[in-house]
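The model shown is predicted, which means the values in this text are computed figures rather than measured ones.
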Amino acid sequence: GAQDTVSNRILYVGNDFEIYTISPDGSDPLKLTDERRVYTWPTWSPSGRRVAFSSFSLDPFGPGKAIYSVDAAGGGLNLIFENAPDSGPAVGPRIPHYSLWSPDGEHVAFLAMSERTLSLYLVSASGQEKAQILANGAPLYLAWSNDSQSLLVHRQGELLRVDIEAPDRPLNLEAQSSGYRAPAWSPTSDAIAFLAADEGGETLYVARFDGSRRRALARLQGMASFLWAPQGNRLAIGQSSDGNDPFLQDIQVIDVTTGEILPLVQRPILAFFWSPDGSRVAYVTTNIEETALQWRVVEVRTGQDTELVDFHPSPDQLTLLAYFDQYAYSHQVWSPDSSRLVFAGALAEGAVPGDEEAPISQIFVLDAEGNAPVQAIAPGLLASWSMR
């Protein structure tokens, strides 16, 4: 029935701005939207049962911005939020909202522009209740607790915890830093990871969810991005030489129990992503000639590093990579079995930027071992894999 979960499917935005799911081999496409509006930035609920996405208008006088959720098997379209007619522009170019499902699939937290500023809202996934504003201000990044009861909010350098039972009483965790974007909540416990600044720079801490029992794991310079391994035992961390460089200069893996730091990759890194089984990290760097981006996968235990493919990302794919530490929670690039990756854009050998014959953006599936050729499965602008 309509409540069946959907497993091992790819969710994508077509070049027609409709939302689809498809099998990883390119068979069995299913269209979830209705051609009445322009849709974008779809995100899976963790169970794969529902999909949320934004609508916007290519015409400035067209219909306003809204968020919908729909059964992943088709049908059951709910309007869960509609921007006020006088709300400001979008969160970013072609980004009407940023939406993040709670792990239990009951709520969607999202960022939207209100009249004057960026606001963090919470809404029940059913769309039966009015959205509540939890915080205002920019920049603003968020992470859900693994029990779906709380959000970590990094707002203008402050770290807050907001409990969904008491949304109007945020707890300030007294950790001031503008040296990172998204905070990180352990997928397996109540531990959180964040930076805090002092005179000499930034320190990466792990603490309990109320900010107590802080343990310093590393001293950092520049900007940092960090993600918990899915098993909750390690953090992958990258840091840049300064805050203006979009590229990180390395990836290190920190064992959160022992504090041991393992250097993993040293080269310019735009984005990195843990495999669901925690054995590997996929990352995006530049190719040797710096004419294109390149997907690579490194095995954490052995350090074996495999070059996969050179590519040019679609605009939305580039946004996902540039803010990967936030999108890692909402848009899974790995297949659930940790064997493949999905991305949108064009392969580098065929594409000359600025060429009139530039290829249309396609959705590609990539073998993470590098054993099979990359496969185009559909035309499209942005894709993510179901989490199961």
Using the ring-ring contact (aromatic ring centres under 6.0 Å, His included) criterion, which residues pair with [X]? Sequence neighbours excluded.
X	result
His331	Trp41, Tyr327
Tyr121	Phe81, Phe110
Phe226	Tyr180

Open item on the list: For the residue pair Ser314 / Asp316, report whether a side-chain donor-acceptor contact shorter than 3.5 Å exists.
Closed with: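 Side chains of Asp316 and Ser314: no pair found under 3.5 Å.
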
Task: Residue pair Gln294 / Asp310, side-chain donor-acceptor N/O under 3.5 Å - done: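 Checked: Gln294/Asp310 side chains pair up, N/O donor to acceptor below 3.5 Å.
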
Task: NZ/NE/NH1/NH2 to OD/OE distance under 4.0 Å, Asp71 and Arg50 - done: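 Yes, this pair counts.
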
- [ ] May I have all residue pairs that pass side chain to side chain donor-acceptor pair (under 3.5 Å) and include part of residues 370-388, sequence neighbours excluded?
- [x]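 Checked against side chain to side chain donor-acceptor pair (under 3.5 Å) - neighbours excluded - the pairs reaching residues 370-388 are Asn8-Trp385.
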
Smallest separation among heavy atoms of [X] and [Y], with atom names:
X	Y	value
Ile10	Ala383	CG2-CB, 3.9 Å
Leu173	Gly211	CD2-N, 4.0 Å
Val281	Trp274	CG2-CE3, 3.9 Å
Gln249	Ser241	OE1-CB, 3.6 Å

Task: Thr306 vs Arg296, side-chain hydrogen bond (donor to acceptor under 3.5 Å, both in side chains): CA-CA, chis, key distance, verdict - done: CA-CA 5 Å; Thr306 307; Arg296 300 181 71 98; over 6 Å; no

Open item on the list: Ring-plane angle category for Phe272 and Phe324, please: parallel below 30°, perpendicular beyond 60°, tilted otherwise.
Closed with: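 Judged by the thresholds at 30° and 60°, the geometry between Phe272 and Phe324 is tilted.
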
May I ask you to decide if [Y]'s main-chain N or O and [X]'s side chain share a donor-acceptor pair within less than 3.5 Å?
X	Y	result
Thr33	Ile19	yes
Thr43	Ala52	no
Ser275	Arg280	yes

TODO: With sequence neighbours excluded, give me every salt bridge (charged side-chain N to carboxylate O under 4.0 Å, His left out) pair touching residues 323-341.
DONE: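 Listed once each, the pairs are Arg181-Asp325.
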
- [ ] Could you tell me whether Glu290 atom CD has more than 12 heavy atoms of other residues or ligands within 6.0 Å of it?
- [x]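 No, because the 6.0 Å sphere around CD of Glu290 holds 12 heavy atoms or fewer from other groups.
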
Open item on the list: Just checking Tyr323: does its OH atom have more than 12 heavy atoms from other residues, nucleotides or ligands closer to it than 6.0 angstrom?
Closed with: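 Atom OH in Tyr323 is not crowded, with 12 or fewer foreign heavy atoms closer than 6.0 Å.
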
TODO: Please check if Tyr68 and Leu111 belong to a single hydrophobic cluster, counting links between Ile, Leu, Val, Met, Phe, Trp and Tyr side chain heavy atoms closer than 4.5 Å.
DONE: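 Yes, because Tyr68 and Leu111 connect within a single hydrophobic cluster, where side-chain heavy atoms sit under 4.5 Å apart.
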
Return all side-chain donor-acceptor pairs below 3.5 angstrom for residues 133-144, not counting sequence neighbours, or 'none' if the list is empty.
residue: Asn136; atom: OD1; partner: Ser119; partner atom: OG; Å: 2.5
residue: Trp144; atom: NE1; partner: Leu100; partner atom: O; Å: 3.1
residue: Trp144; atom: NE1; partner: Trp101; partner atom: O; Å: 3.4

Task: Centroid-centroid under 6.0 Å between Phe311 and Phe364 rings - done: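 No, the ring of Phe311 stays outside the 6.0 Å limit from the ring of Phe364, centre to centre.
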
